[in-house]
Asker: 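Just passing along the structure, written as structure tokens.
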Amino acid sequence: MTLHLGYGTNGLTDLRLDDALGLLADLGYEGVGLTLDHMHLDPMAPDLTERTRQVRRRLTSLGLRVTVETGARYVLDPRRKHGPSLLDPDPDARAARTALLVRAVDVAAELGAHAVHCFSGITPPGTTADTAWKRLTESLTPVLEAADRSGIPLAIEPEPGHLLATLADFHHLRGLLGDPGPLGLTLDIGHCQCLEDASPVECIRDSAPWLRHVQIEDMRRGVHEHLPFGDGEIDFPPVLAALAASDYRGLTVVELPRHSHAGPELARTSIDFLRDAMTRDAGLRTAATATTATAKGAAPC
């Protein structure tokens, strides 16, 4: 399989960024999902350009690829989780989120990232669906223009409970925006298990043309809780095989944002689990090929 495994820094928030990157390289990860936050490349602090260049040098020295993630909980507002969003009733608040995403695109370009991740946000109370979609398209337009200029795809994530919650919602947004080239998809495998009618494998196959970023963790049906591998319901060998068959070439990033207290150990067990799952699938496919070949060579009854 040609999968490139990464780990999200939002699951390593108790570590300094330099230490987190060194840990992931030592464990054998090929990349990192870098969430811009106050403890890891703060996008709101001074000297962002120089700090970004330092991170780029560190990534290069370790041989790590990167995607830029923008799901920090309180990076814009210390009192509102993920606030303000792209759907905020206040146009100045929406503009602040848009500006953060444009800044993330600039950071991604400096780092040589393969994508910038984002999500829509929750529809505010009293807001109609039409108004929410209008705000989303208007708020994303400057970000997509920046992504187009930089050549860095914007990969929006369907998030349970948000306006854009499902793959169908992603395609609705594509239609509203006129299917712009820079707009791609972040597919979270756990979210597929949690919310989509289709299986995770079917979601991968259906969304393959738009995949620009992949997050992966275990999850249970109907429960939006990111779980370590083996604690949920997902059968991972077929999922990893479907990703490999999709020709997706970006990072597949382990997403455990509520497990930083055990981040170093979970980073180790996660890569072991995924490598074992890939090996098991390869063994099954080899056995199936051998069985087919034997059957074809057998004398007819």
Side-chain angles (χ1 to χ4, degrees), residues 1-43 48 50-72 104 107-108 110-117 155 186 188-190 213-218 226-232 234 236-237 239-241 243-244 248-283:
M1 289 189 186
T2 55
L3 294 183
H4 306 287
L5 300 179
Y7 199 93
T9 59
N10 60 1
L12 295 169
T13 56
D14 291 317
L15 276 67
R16 298 177 183 88
L17 181 56
D18 274 2
D19 293 338
L21 297 178
L23 169 75
L24 298 181
D26 288 345
L27 290 172
Y29 284 96
E30 292 186 52
V32 57
L34 174 58
T35 296
L36 304 182
D37 207 346
H38 66 90
M39 77 295 290
H40 292 156
L41 194 54
D42 186 347
L48 179 60
E50 179 54 35
R51 289 184 290 112
T52 302
R53 289 170 180 166
Q54 292 174 4
V55 173
R56 181 187 64 194
R57 290 191 288 269
R58 178 67 167 156
L59 291 166
T60 300
S61 70
L62 295 170
L64 292 173
R65 302 171 62 189
V66 63
T67 188
V68 170
E69 302 198 4
T70 62
V107 168
E110 183 67 40
L111 294 177
H114 75 79
V116 172
H117 149 278
T186 291
D188 187 301
I189 302 302
H213 183 44
V214 173
Q215 297 172 344
I216 192 167
E217 71 285 316
D218 216 339
H226 291 235
L227 299 172
F229 298 113
D231 288 359
I234 299 174
F236 281 96
V239 166
L240 298 174
L243 278 173
Y248 169 68
R249 300 181 185 184
L251 290 173
T252 298
V253 172
V254 178
E255 184 80 357
L256 293 172
R258 297 187 180 180
H259 293 77
S260 282
H261 63 283
E265 177 61 13
L266 280 171
R268 182 189 66 79
T269 57
S270 294
I271 196 169
D272 288 345
F273 179 96
L274 292 171
R275 284 170 168 168
D276 180 65
M278 288 188 283
T279 300
R280 281 186 285 132
D281 180 75

Asker: Quick check: closest heavy atoms across His226 and Pro257, and the distance to 0.1 Å?
Answerer: ND1-CD, 3.9 Å
Asker: Looking only at non-hydrogen atoms, find the nearest pair between His259 and Pro228 and report the distance.
Answerer: NE2-CD, 3.6 Å
Asker: Can you tell me if Arg57 has over 12 outside heavy atoms packed within less than 6.0 Å of its CZ?
Answerer: yes
Asker: Main chain of Gly33, side chain of Glu69: is a donor-acceptor contact present, judged purely on distance under 3.5 Å?
Answerer: no
Asker: At what distance, to the nearest 0.5 angstrom, does CD1 of Ile271 lie from CG of Asp276?
Answerer: 12.5 Å
Asker: Mind listing the closest non-hydrogen atom pair of Glu110 and Thr52 along with its distance?
Answerer: CG-CG2, 3.5 Å
Asker: Look up atom OH in Tyr29 and atom CZ in Arg268, then write down how far apart they are to the nearest 0.5 Å.
Answerer: 10.0 Å
Asker: How are the rings of His117 and His213 set relative to one another: parallel (under 30°), tilted (30 to 60°) or perpendicular (over 60°)?
Answerer: perpendicular
Asker: Give, for atom CZ of Arg275 and atom OG1 of Thr279, the distance between the pair rounded to the nearest 0.5 Å.
Answerer: 9.0 Å
Asker: Grab the two heavy atoms, one from Gly8 and one from Val253, that are nearest each other, plus how far apart they are.
Answerer: N-CG1, 3.4 Å
Asker: Donor-acceptor check, side chain of Asp37 to backbone of Met39, threshold 3.5 angstrom: yes or no?
Answerer: no
Asker: I'd like to check Leu24 versus Leu62 (side-chain heavy atoms, cut-off strictly below 4.5 Å). Are they in contact?
Answerer: no
Asker: Roughly how far apart are Leu36 CG and Asn10 CG, rounded to 0.5 Å?
Answerer: 11.0 Å
Asker: Taking His4 for the side chain and Glu30 for the main chain, is one N or O donor matched with an acceptor at less than 3.5 Å?
Answerer: no
Asker: Indicate yes or no for a side-chain donor-acceptor contact from His114 to the backbone of Leu251 under 3.5 Å, with no hydrogens or angles considered.
Answerer: yes
Asker: Which distance, rounded to the nearest 0.5 Å, do you find between the CD1 of Ile216 and the CG of Leu243?
Answerer: 6.5 Å
Asker: Using atom types as modelled and distance alone, determine if a side-chain donor or acceptor of Asp218 lies under 3.5 Å from a backbone N or O of Gly230.
Answerer: yes
Asker: Once you round to the nearest 0.5 Å, how far does CG of Leu15 lie from CG of Leu21?
Answerer: 10.0 Å
Asker: Whether the side chain of Ser260 engages the backbone of Thr13 through a donor-acceptor N/O pair (distance < 3.5 Å, no angle test) should be reported.
Answerer: yes
Asker: Val116 and Ala104: which non-hydrogen atoms are nearest, and at how many Å?
Answerer: CG2-O, 3.8 Å
Asker: Given side-chain contact (heavy atoms from CB on, under 4.5 Å), test Glu217 with Asp188 step by step and report yes or no.
Answerer: CA-CA 8 Å; Glu217 71 285 316; Asp188 187 301; 2.4 Å; yes
Asker: Under a 3.5 Å distance rule, please check whether Tyr7 uses its side chain to pair with a backbone N or O of Leu12 as donor and acceptor.
Answerer: no
Asker: For the residue pair Leu34 and Leu17, establish whether any side-chain heavy-atom pair is separated by less than 4.5 Å.
Answerer: yes
Asker: Show the numbers, then the answer: is there a side-chain contact (heavy atoms from CB on, under 4.5 Å) between Phe229 and Ile234?
Answerer: CA-CA 8 Å; Phe229 298 113; Ile234 299 174; over 6 Å; no
Asker: Measure from the side-chain N and O atoms of Thr35 to the backbone N and O of Ala72, and report whether any donor-acceptor pair falls under 3.5 Å.
Answerer: no
Asker: Give the intermediate values and the outcome of side-chain contact (heavy atoms from CB on, under 4.5 Å) for residues Leu48 and Leu41.
Answerer: CA-CA 8 Å; Leu48 179 60; Leu41 194 54; 4.1 Å; yes
Asker: For the pair Arg51 (side chain) and Asp42 (backbone), establish whether a donor and an acceptor sit closer than 3.5 Å, ignoring hydrogens and angles.
Answerer: yes
Asker: Taking all non-hydrogen atoms of both residues, which atom of Leu240 and which atom of Met278 are closest, and how far apart?
Answerer: CD1-CG, 3.6 Å
Asker: Using modelled atom types only, decide if a donor and an acceptor are shared between the side chain of Ser270 and the backbone of Ala267 within a distance under 3.5 Å.
Answerer: no
Asker: Under 4.5 Å between any side-chain heavy atoms of Leu266 and Val254, yes or no?
Answerer: no
